[in-house]
Amino acid sequence: MATLAVGLLGRFDVGLDGRTVDLPSGPQRAALAALALAAPHPVSPSLLAELTATGPAEPRADVETEVRRLQAALGDDVVRSDTGGWRLDIEPSDVDATRFTRLVSTALRTPGRTSTLLTDALALWRGDPFTDVDAPVLERAHRPGLVESRLLAAERLADFELAGGRPTAQLSLLRELGDRHPLRES
């Protein structure tokens with residue numbers, strides 16, 4: 001089975017079996033981003049149609065065209081037809097946004113590993129979510145939660161480091177986030 005990795009926490013990034021896959025901007029990237037965020041569950045044709053439609057005429061045909069293009073680029077063992085739509089046959093942890101969310105969730109429930117897990121989670125960020133993915137529907141649905149989780153993770157990690165006597169450990173990250181979110185007092 002092919003190993004696919006999808007990066008959404010910054011510039012759009014796709015790796016297949018250790019090599020970079022360059023998907024053209026537009027509907028293919030949007031479709032792959034939606035499939036990656038839902039993995040391993042299927043994405044409905046209606047959502048894919050909303051993301052891939054190039055015109056009002058045949059949204060279903062647009063979806064099928066983009067799915068076929070994704071299958072050609074990634075393999076039909078990775079992009080599969082499923083009841084209710086299409087899905088990626090990958091582990092959710094192969095998507096940086098999903099891995100980030102899981103690491104933060106685990107860190108908040110596991111006091112003994114908080115610092116390590118939050119550090120690992122924050123290291124996944126390479127910029128703004130969905131850079132180079134033209135998918136306003138996904139951005140509206142997922143970006144605010146991802147950004148909020150990043151801010152919460154950085155705050156918790158800073159609190160943890162301060163309590164541990166390391167007041168400057170996260171200073172550069174906090175400065176960056178403070179500059180980007182000046183109204184966030186914490």
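Heavy atoms only: backbone and side chains are in, while hydrogens, waters and symmetry mates are out. If you're wondering where the values come from, they're calculated on a predicted model, not measured in any experiment.
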Exercise. Could you list all the salt bridge (charged side-chain N to carboxylate O under 4.0 Å, His left out) pairs where at least one residue sits in residues 18-42, not counting sequence neighbours?
Key: Asp22-Arg29

Self-check item: ring-ring contact (aromatic ring centres under 6.0 Å, His included) partners of residues 87-118, not counting sequence neighbours, each pair once
Solution: Phe100-Trp125

Quiz item: Can you name the closest pair of heavy atoms from Ala34 and Leu48 and give their distance?
Solution: CB-CD2, 4.4 Å

Exercise. Hey, could you give me the OG/NE2 distance between Ser149 and His142, rounded to the nearest 0.5 Å?
Key: 12.5 Å

Exercise. Identify the two heavy atoms, one from Leu16 and one from Val21, that lie closest to each other, and give their separation to 0.1 Å.
Key: CB-CG2, 3.6 Å

Quiz item: Less than 4.5 Å apart, any side-chain heavy atom of Leu146 and any of Thr101?
Solution: yes

Quiz prompt | Pairs flagged by salt bridge (charged side-chain N to carboxylate O under 4.0 Å, His left out) wherever residues 139-157 is involved - sequence neighbours left out | solution = Glu139-Arg143, Glu148-Arg184, Arg150-Glu176, Glu155-Arg184

Quiz item: By side-chain contact (heavy atoms from CB on, under 4.5 Å), which residues pair with Asp13, not counting sequence neighbours?
Solution: Arg126

Quiz prompt | Separation of Glu64 CD from Arg69 CZ (nearest 0.5 Å) | solution = 12.5 Å

Practice problem: Not counting sequence neighbours, which residues clear side-chain hydrogen bond (donor to acceptor under 3.5 Å, both in side chains) with Ser115? List them please. | Solution: Glu161

Quiz prompt | Pairwise side-chain contact, Val14 with Leu4, heavy-atom cut-off 4.5 Å (strictly under) | solution = yes

Quiz item: Backbone N or O of Arg113 within a donor-acceptor pair of the Thr110 side chain at under 3.5 Å?
Solution: no

Quiz item: Donor-acceptor pair, Asp132 side chain versus Arg11 backbone, under 3.5 Å?
Solution: no

Quiz prompt | All side-chain contact (heavy atoms from CB on, under 4.5 Å) counterparts of Ala5, not counting sequence neighbours | solution = none

Exercise. Keeping the roles fixed (side chain from Gln28, backbone from Leu23), state whether a donor-acceptor pair exists under 3.5 Å.
Key: no

Self-check item: Pairs meeting criterion ring-ring contact (aromatic ring centres under 6.0 Å, His included) with involvement of residues 5-50, two or more places apart
Solution: none

Practice problem: Please list, chain by chain and in numerical order, all residues satisfying ring-ring contact (aromatic ring centres under 6.0 Å, His included) with Phe130, sequence neighbours excluded. | Solution: none

Exercise. Could you pull out the closest heavy-atom pair between Phe160 and Pro111, with the gap in Å?
Key: CE1-O, 4.4 Å

Practice problem: Taking all non-hydrogen atoms of both residues into account, name the closest pair between Ala36 and Thr98 and its distance. | Solution: O-OG1, 4.4 Å

Quiz prompt | Arg87: side-chain hydrogen bond (donor to acceptor under 3.5 Å, both in side chains) partners, not counting sequence neighbours | solution = Asp82

Practice problem: List in chain and number order the residues that pass side-chain contact (heavy atoms from CB on, under 4.5 Å) with Ser105, two or more places apart in sequence or in another chain; answer none if no residue qualifies. | Solution: Arg109

Quiz prompt | Heavy-atom pair with the smallest gap, counting every atom of Asp77 and Asp89 | solution = O-CB, 3.5 Å

Quiz item: What residues, two or more places apart in sequence or in another chain, satisfy side-chain contact (heavy atoms from CB on, under 4.5 Å) together with Ala135?
Solution: Ala30, Leu51, Val133, Leu138

Quiz item: Among all residues two or more places apart in sequence or in another chain, which pass the salt bridge (charged side-chain N to carboxylate O under 4.0 Å, His left out) test with Asp128?
Solution: Arg180

